[in-house]
Amino acid sequence: MPELPEVEKARALVEKKAGGRVIESVDDSDSYVCRPHAPGELHDALAGRTVTGAGRVGKSFWLETDGGEGPELGLHLGMAGRIIVAGEGAGHPKPLRNPAWDRLTIAFADGGALVMRDKRRLSRAVLNPDRSNLGPDAERITREQFRRRVGRGRGPVKARLMDQATIAGVGNLLADETLWQAGISPLHPAGELDHAELDHLRRELRAATRRAHRLGGVHKGQVIPYRRRGASCPHCGEPMERGKVGGRTTWWCPACQP
DNA sequence: AGCATTGTTTCACA
DNA sequence: TTGTGAAACAATGC
């Protein structure tokens, strides 16, 4: 599920429902998800700490402990991860189908728990995450930053938007939705966009992100249902085009996005 | 069976 | 230096 809107939802959930609670133990036995940590390292660092907040840049978020005095627990939901928090005395959140999909579990001293559940296994948990290679968050990037960072290079603008070092938080679906709303071809060289086009693109990115927040996810985007074979553009009726841009399957309308 | 998948990292190569 | 395409990673769903 996760692109920026879904991750922000997870962050807010953690802040609201895990904030103030004391960590009793951490099940970090999935050594792939918790790499490069050895099993037990997350537990040793976090047991006894209090969750005091949650931050986020792009698709990465983290738990703060002991008011910033304790270590941070960085989380990334990968392609299919989600966060579930069970309240006081509620025990472990009930597995949807397969208990093995719970890749990380934080048990609280009050009897509840936080679970990172991932059908696949591309989610990630790491202590004191390094965020130095992330660009400004897509929701907070200024117009000047956006012009400077996104509006450069010879590569296609979609690849530029999805580059987390350029701007953090935009994934495949949000990129397709934003470019369709903006009427800009995903193949357009980023450095050839003028200021007006870049400002417009940023505006549509913010609008698409807000809409996703409001409606419950990036998959609620207006063009997302039309990212399939045989579909026509919901604006003009032209057949949608499929291609590969920035390594990802890309759909766009050749008429609306010349 | 084969292919696709809302993500990231690495690597060969132009 | 920049950029690209492909592969790997893991697992599920159609």
Side-chain angles (χ1 to χ4, degrees), chain A residues 1-11 29-36 56-61 74-83 95-104 116-126 129-135 137-138 148-180 186-192 205 208-209 211-213 215-231 240 242-252:
Chain A
M1 294 215 7
E3 290 189 42
L4 188 152
E6 288 84 1
V7 177
E8 172 55 24
K9 193 174 165 187
R11 187 209 63 78
S29 53
D30 190 320
S31 54
Y32 183 76
V33 168
C34 299
R35 70 192 185 284
R56 178 189 64 78
V57 171
K59 305 171 196 170
S60 297
F61 71 113
L75 298 175
H76 195 294
L77 300 175
M79 291 264 259
R82 51 181 298 214
I83 296 292
L96 194 58
R97 241 164 61 199
N98 185 346
W101 292 342
D102 290 353
R103 310 295 179 179
L104 181 87
M116 182 163 72
R117 184 167 291 168
D118 186 2
K119 243 178 228 206
R120 309 201 190 142
R121 215 167 150 205
L122 295 171
S123 53
R124 194 85 193 262
V126 61
D130 174 21
R131 293 186 282 278
S132 61
N133 46 7
L134 290 177
D137 184 80
R148 192 166 0 103
R149 303 179 72 96
V150 177
R152 56 178 294 276
R154 299 183 314 261
V157 61
K158 180 177 176 186
R160 196 99 196 121
L161 278 176
M162 290 193 301
D163 177 1
Q164 304 301 302
T166 297
I167 173 174
V170 182
N172 197 27
L173 297 185
L174 190 56
D176 276 5
E177 173 73 11
T178 298
L179 289 163
W180 179 77
L187 301 170
H188 198 105
E192 288 177 16
L205 173 57
T209 306
R211 199 177 309 120
H213 277 314
L215 301 178
V218 286
H219 59 286
K220 299 283 189 183
Q222 294 175 3
V223 84
I224 304 306
Y226 302 91
R227 297 175 79 261
R228 54 178 177 82
R229 299 218 181 253
M240 294 291 287
R242 178 190 202 264
K244 203 89 142 170
V245 184
R248 310 304 303 272
T249 298
T250 300
W251 293 87
W252 73 99

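Bear in mind the structure is a predicted one, so any value in this text is a computation, not a measurement. The figures here come from the full heavy-atom set of this structure, side chains too, leaving out hydrogens, waters and symmetry mates. In what follows, chains carry the letters A, B, and so on, assigned in the order in which the sequence lines appear, proteins first and then strands, with residues in each chain numbered from 1.
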To the nearest Å, give me how far apart [atom1] ([X]) and [atom2] ([N]) are.
{"X": "A:His219", "N": "B:dT5", "atom1": "NE2", "atom2": "P", "result": "17 Å"}
{"X": "A:Asp118", "N": "B:dT6", "atom1": "CG", "atom2": "P", "result": "15 Å"}
{"X": "A:Lys220", "N": "B:dT6", "atom1": "NZ", "atom2": "P", "result": "17 Å"}
{"X": "A:Leu173", "N": "B:dA4", "atom1": "CG", "atom2": "P", "result": "16 Å"}

For this session: For B:dT6 versus C:dG3, give the span between their C1' atoms, rounded off to a whole number of Å.
Result: 24 Å

Problem set entry | Verdict with supporting geometry, A:Asn172 and A:Lys158, side-chain hydrogen bond (donor to acceptor under 3.5 Å, both in side chains) | CA-CA 9 Å; A:Asn172 197 27; A:Lys158 180 177 176 186; 2.5 Å; yes

Problem set entry | Protein-to-nucleotide contact annotation, 5' to 3' order, nucleotides 4-14 of chain C [B base; S sugar-phosphate only; - none; under 4.0 Å, heavy atom] | S----BBBSS-

For this session: Classify every nucleotide of nucleotides 8-14 of chain B by which part a protein heavy atom approaches to under 4.0 Å, writing B for the base, S for the sugar-phosphate alone and - for neither, in 5'-to-3' order.
Result: S------

For this session: Determine yes or no for a side-chain-to-main-chain donor-acceptor pair under 3.5 angstrom, with A:Arg154 supplying the side chain and A:Pro189 the backbone.
Result: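 No: the side chain of A:Arg154 does not pair with the backbone of A:Pro189.
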
For this session: Output yes when a side-chain donor or acceptor of A:Arg242 lies under 3.5 Å from a complementary backbone atom of A:Trp251, and no otherwise.
Result: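 No; judged by distance alone, with no hydrogens or angles, the pair does not exist.
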
For this session: Write down the atom of A:Glu3, the atom of A:Val170, and the distance for their closest heavy-atom approach.
Result: OE1-C, 4.0 Å

Seminar exercise, completed: Secondary structure of DNA chain C per the Watson-Crick/G-U criterion (both distances under 3.5 Å; [ ] crossing, | other strand, . unpaired) is .||||||||.||||

Exercise. Can A:Asp102 and A:Arg117 be counted as an ion pair, charged N to O under 4.0 angstrom?
Worked result: yes

Problem set entry | Basic-acidic side-chain contact under 4.0 Å: A:Glu6, A:Arg82 | no

Exercise. Using a cut-off of 4.0 Å on non-hydrogen atoms, how would the nucleic acid contact of A:Arg229 be classed: base, sugar-phosphate, or nothing?
Worked result: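 Here A:Arg229 touches no strand at all.
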
Exercise. In a check of salt bridge (Lys or Arg N to Asp or Glu O under 4.0 Å) between A:Asp137 and each of A:Arg131, A:Arg56, A:Lys59, which one passes?
Worked result: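 Testing each of A:Arg131, A:Arg56, A:Lys59 against A:Asp137, the sole residue satisfying salt bridge (Lys or Arg N to Asp or Glu O under 4.0 Å) is A:Arg56.
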
For this session: Look at the side-chain N and O atoms of A:Thr249 and state whether any lies under 4.0 Å from the OP1 or OP2 oxygen of B:dT5.
Result: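 It does, given that an N or O in the side chain of A:Thr249 lies less than 4.0 Å from OP1 or OP2 of B:dT5.
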
